[in-house]
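Just so we're clear, the structure is a prediction, and the values are computed from it rather than from any experiment.
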Amino acid sequence: MPVGSFIRRVLLVQGRDTFAFRNLLILTLFLWAGQAHAFHGIWLPSFGADQAGLAGAFYSPFGSPLVLEENPALLSRVKGHAFQGQIALNQARVHYEDEYLDPKLGTYYRNDRDFRPIAPLPAMGYSYGGNRWAWGLALYAQGGGGADFPGLMRAYPATEVRTDGASGAPVTNRSGLAKETIHAQFALIKATPGLSYDWGAFSLGMAADLIYATKRMDRSYSDPLTGATLPGGFHYQSDPAYALGAKIGASYDTDHWSFAASFTSASRFYLDGRIRTDTYDPDYAYPAHVSRFMEWPARFVAGLEYRTENYRFVADISHTLWSASMNSLLFTLDRPLIIAPLGFRSPYLRMNLRWRDQTVVSLGVERSLEDIRLRAGYSYGRTPQTAEGVNPLLGTTVEHMVTLGLGWLFDGGSQEVYPDSQPSSFDIALQYCFPHTVKGIPFSEWWLGHAVAVEPFQVSLLSFEKETQVITLYLGFTLRWN
């Protein structure tokens, strides 16, 4: 049975628990109304405000349910019950600019646009740890991306109009230019149940990822003088997509040191859906069915922690296989519909992103002052995006990140009854990602589509670049009780 059909069948099983879980998925996706513009790749670097203060390195020394996002073996740190909640308020500034010159006709334009989305990204989880076994469930918005750039000027040769067979005043474009509007949104959430077993200093854990994803993309052209819609645009909406993934982890503790490692498998989900084009030809006015898939990448993580009476020093190194999932995106239609640059309709739409694998190093330090925890961290990862894949449809990623965090521990009186119980906490963190720019290059896909005209053949001068800057405020709490 296909994975998507299996998960749909599971989610449709009648029962109060399943109904509540499904509603929780819907609520999480509703809260994630904006686009997430993440840091290293297209997902958040931290899950839990305590971990966020350490630049995403390691987790709380008391354990928490959200360790399931990365390493289920760390569930063994949980003793008794734990409930954790977080909201990450993610604000990005995505800047796109380009400059175009046709040396033959003298046509010139320049675009300079800012996109400033704010996205609330929730996460929550529950876990229970006994003497040996610990188990838990985490639900979180892991990643995504998007773009919203209206009215970008671009050269618009007559190829699209001739291919569409359109004629008449509404589509007579005499300036040779058009306004291009781009909107894209991709959202992915996970529910991760998992468990761990403790052999004293050594712990082993495993978990399953239940993944829900959706994707929308719109690209349209209009006459800059009349506002009339021009042929060549397309509008794609995916069906809900489901997938399964798995992760395993291990940890080893000594009096002052802890070591941990984990592996998360790749997950393939099928973003089949519908696509329609802007056209004046009635034969192409109805939508086509789209078949396509996407892989969420596999990731390896290793970390260490050193503890003294008043300090914790933590470090993580991760390696994400972006090249396997973000190299090229292919949309296969059930009939020719998309207007190709050479002036014919094609059943294929391909977007070459050319991402590379990425290694990220994160460092953090925590200072204990009675019930207060002061945290700071730094993270660096070379962006996986290459110059060949720069375009406004998918935001560039950043490389350097600094963080500050604050935690307040309290027991609510539980330690008077259970002396070995773990404290609850309120946590806050601020992450700042320095601006990072990636410049496009000639013969990339975006350059070919905007600098080269086919009828008649003409190559113009085009330079373009994308810059991303991100700041995120994390607010979270963890309640622990026996």
Side-chain angles (χ1 to χ4, degrees), residues 3 35-45 56 69-70 94 142-147 184 186-188 190 209 211 213 215 217 238 241 243-248 261-271 291-303 316-332 348-362 379-401 433 436-449 464-468 470:
V3 168
Q35 295 91 357
H37 288 267
F39 309 91
H40 302 309
I42 51 176
W43 58 38
L44 282 174
E69 186 277 334
E70 183 175 290
V94 183
Q142 189 181 44
F186 169 63
L188 182 142
K190 283 186 177 182
D209 287 331
I211 302 171
K215 172 74 175 180
M217 185 161 51
S238 77
L244 285 175
K247 55 174 65 98
I248 58 173
S262 66
F263 168 73
T264 300
S265 71
S267 302
R268 175 175 291 193
F269 42 90
Y270 290 85
L271 291 165
S291 298
R292 64 168 297 231
F293 68 86
M294 180 176 177
E295 281 197 3
W296 205 238
R299 181 172 57 153
F300 304 85
V301 182
D316 270 9
I317 183 168
S318 67
H319 186 71
T320 305
L321 303 180
W322 288 111
S323 63
S325 60
M326 299 291 283
N327 181 55
S328 180
L329 305 178
L330 177 64
F331 300 71
T332 303
Y348 303 103
L349 174 63
R350 182 182 292 276
M351 296 183 178
N352 296 315
L353 304 178
R354 306 307 187 207
W355 279 31
R356 57 187 166 228
D357 296 342
Q358 182 188 43
T359 300
V360 177
V361 177
S362 302
S379 181
Y380 171 77
R382 183 190 182 196
T383 178
Q385 188 171 44
T386 63
E388 290 87 349
V390 175
N391 66 68
L393 286 168
L394 187 64
T396 58
T397 66
V398 299
E399 295 190 339
H400 297 274
M401 178 179 72
C433 301
H436 180 68
T437 301
V438 180
K439 297 180 181 291
I441 61 174
F443 302 103
S444 65
E445 183 174 278
W446 189 256
W447 183 88
L448 290 171
F464 57 102
E465 64 181 46
K466 195 90 170 283
E467 180 185 79
T468 303
V470 185

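- Side-chain atoms of Q142 and W296 include a donor-acceptor pair closer than 3.5 Å.
- The shortest heavy-atom contact between V360 and G381 is CG2-CA, 4.0 Å.
- Closest of all the heavy-atom pairs between W322 and P384 is CD1-CB, 3.8 Å.
- For the residue pair T437 / E467, a side-chain donor-acceptor distance below 3.5 Å is found, with atom types taken as modelled.
- Here the closest non-hydrogen pair linking K466 and N391 is NZ-O, 3.1 Å.
- Side-chain contact between L353 and Q385 is absent, with no heavy atoms from C-beta onward closer than 4.5 Å.
- Between the R356 side chain and the T383 main chain, a donor and an acceptor come within less than 3.5 Å of each other.
- Looking only at atom types and distance, the side chain of S291 has no donor-acceptor partner in the side chain of T332 under 3.5 Å away.
- By the 4.5 Å heavy-atom criterion applied to side chains, I317 and F300 are not counted as neighbours.
- Taking each heavy atom of L244 and S267 in turn, the nearest pair found is O-OG, 3.4 Å.
- Note: F269 and F186 have parallel aromatic rings, judged against thresholds of 30 and 60 degrees for the angle between ring planes.
- Here the shortest heavy-atom pairing between L330 and R292 reads O-CB, 3.2 Å.
- Considering only heavy atoms from C-beta on, M326 comes within 4.5 Å of M294 through its side chain.
- Between K439 and E465, at least one side-chain N (NZ, or NE/NH1/NH2) sits under 4.0 Å from a carboxylate O, which counts as a salt bridge.
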For R350 and Y348, run side-chain contact (heavy atoms from CB on, under 4.5 Å): C-alpha distance rounded to whole Å, both residues' side-chain angles, the deciding distance at 0.1 Å, then the answer.
-> CA-CA 6 Å; R350 182 182 292 276; Y348 303 103; over 6 Å; no
Test D316 against V301 for side-chain contact (heavy atoms from CB on, under 4.5 Å), laying out the working first.
-> CA-CA 7 Å; D316 270 9; V301 182; 4.1 Å; yes
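- What you find for A266 and E295 is that their closest heavy atoms are CB-OE1, 4.2 Å.
- Between the side chains of R382 and T359, not a single donor N or O lies within less than 3.5 Å of an accepting N or O.
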